[in-house]
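First the proteins, then the strands, lettered A, B, ... as listed; each starts at 1. Since the model is a prediction, treat every value here as computed from it, not as a measurement.
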Protein chains: 2
Amino acid sequence: MQPQPPAPEGPWGEVDSATSRRLLGAAVEAFGERGFHATTTRDIARRAGLSPAGLYVHYRSKSALLGHLSRVGHAAALRLVEHALSLPGDSPRRLHALVTAFVAWHAEHHTVARIVQYELRSLDAEDAREVAAMRRRLEGLVEAEVRRGVDAGTLSTQHPHQATRAVLSLGIDVARWYSPAGRESPARLGRIYADLALRMLSAEPPAPARLDDQETV
Amino acid sequence: MQPQPPAPEGPWGEVDSATSRRLLGAAVEAFGERGFHATTTRDIARRAGLSPAGLYVHYRSKSALLGHLSRVGHAAALRLVEHALSLPGDSPRRLHALVTAFVAWHAEHHTVARIVQYELRSLDAEDAREVAAMRRRLEGLVEAEVRRGVDAGTLSTQHPHQATRAVLSLGIDVARWYSPAGRESPARLGRIYADLALRMLSAEPPAPARLDDQETV
DNA sequence: GTCTATAATTAGATAGAC
DNA sequence: GTCTATCTAATTATAGAC
């Protein structure tokens, strides 16, 4: 199983028919703008250049379309993480590459990422199970790398689990606020955030003056 | 204008009638569980012990109820930030207190916080304007403190704006994933995240090995 | 201020021709 | 595979009695 670099041309290169691809693109736009529940199947169909009924030839239901989208999006994010963690070097290097790519992806594909990260509630039971497994796997992979770094002495944190959450939060939250109208490019944002993430995990503890917390429970 | 500590008993102590409060509580539960658009006015009314029509005596519309909720929630978050920034001491101390409280609030009140942070799209135009102003103010206050710290030499970052975003992201994203079923208390999570945030901004640059980014645009 | 009843609209999904 | 036409159900909100 060789590490695959993330597909360059967007998250769904291999989706079956051209019409299915148009529907996925239309759904991304619509769900991204208004959210899943506020989007009508008519709106999706219209954006894809189809009649209201046309959608149902390709998808069993509106939520089946969301499910497909969510699975494809999660697979892309997971692939990107696996690729970064397969790079040579030490844990700081791999995590720097990981955050760079993870943040850049959430900025570049912020519309898809918003659906991936914020529409989990609307998934059908089966899709929800599959997606939850992918999410657990992604977080587990990153946490394992953090723990390897701590064990090797190249990273330092007393709370690997929470630090992992924090690192991923930086990337995920980008999807919430990012706008291409803003000043920074996805790539630049990725580098800035990767530097910040490494400072959180750095082996040289900056020992910030312990301030107002007497005890650390 | 003396700094007020955050109200202890939840975000809406001073809301008019008991029925209005029940409706707000019911809306928080319902919006938090299913999201604004997937929640029906019947559901809210039922949770509040009212008939479907009862809601409209107290609120003009479903979105007016969301608007009230969002304004009250944003006011609470803003108050908490203003309080932390009014504390004596240097910028690291104030920001540590800020992140501790901000994170703890997003965990403790994760249901309200989820609505505050993730249902902005569904606000009516007038509510959206008012809420956007509160959000700009909150972010501006934090960024100003970061810049003061950098100027004073007690904090260090080359990107105050992005670092501020990152610090706030840590707190905001807690509302997305936090569950009271998890192991850590809001207070403990607040302290852990505050330590992480200060490491990001620490004046002793840990100089993490500059890895794979040749240029920093 | 609360209720029952209902108006007005719109949603997701299907039938059946082509 | 795509269309037009439509079914069925659910939604927000209002009317008017109490």
Interatomic distance, A/Arg34 CZ vs C/dA11 P [rounded to whole Å]: 10 Å

Taking the side chain as every heavy atom from C-beta outward, state whether B/Arg176 and B/His106 have any pair of such atoms under 4.5 Å apart. no

Under 4.0 Å from OP1 or OP2 of C/dG12: is there any side-chain N or O of A/Ser61 that close? no

Calculate the interatomic distance between B/Tyr59 atom OH and C/dG1 atom P; express it in whole Å. 12 Å

Look at all strands and tell whether A/Ser63 reaches a base, only sugar-phosphate, or nothing, counting heavy atoms closer than 4.0 Å. nothing

Any side-chain N or O of B/Thr19 below 4.0 angstrom from OP1/OP2 of C/dG1? no

Take atom CG of B/Asp43 and atom P of D/dT11, then tell me their distance rounded to the nearest Å. 9 Å

Can you figure out which of C/dT2, D/dA13, C/dT14 approaches the side chain of B/Lys62 most closely? D/dA13

Most 5' of B/Arg60 and A/His58 on DNA chain D, judged by nearest nucleotide: A/His58

Do any side-chain nitrogens or oxygens of B/Ser51 fall under 4.0 Å of OP1 or OP2 in C/dT2? no

Within the distance-only criterion (no hydrogens, no angle test), does the side chain of B/His83 pair as donor or acceptor with the backbone N or O of B/Arg79 below 3.5 angstrom? no

Send over the distance from B/Arg42 CZ to C/dT6 P, rounded to a whole Å. 13 Å

Once you round it to whole Å, what is the distance between P of C/dA13 and CG of A/Leu65? 11 Å

Looking at B/Arg42 and B/Pro52, would you say the former's side chain and the latter's main chain have a donor-acceptor pair under 3.5 Å? no

Would you say B/Leu95 and B/Val142 make side-chain contact, with heavy atoms under 4.5 Å? yes

Separation of C/dT2 atom P from B/Arg46 atom CZ, nearest Å, is 17 Å

Give the nucleotide from the list D/dA13, D/dC3, C/dC3 with an atom nearest to the side chain of B/Thr41. D/dA13

What is the distance, to the nearest angstrom, from the CG atom on A/Leu23 to the C1' atom on D/dT2? 12 Å

Assign B/Leu55 to base, sugar-phosphate, or nothing according to its heavy-atom contacts below 4.0 angstrom with the strands shown. nothing

Choose from C/dT14, C/dA5, C/dG1 the nucleotide whose nearest atom is closest to any side-chain atom of B/Ala53. C/dA5

Heavy atoms only, 4.0 Å cut-off, all strands: where does A/Thr40 land among base, sugar-phosphate and nothing? sugar-phosphate

Are A/Asp195 and A/His96 linked by a side-chain donor-acceptor pair shorter than 3.5 Å? yes

Take the protein atom OH of B/Tyr56 and the nucleotide atom P of C/dT4, then report the distance between them rounded to whole Å. 16 Å

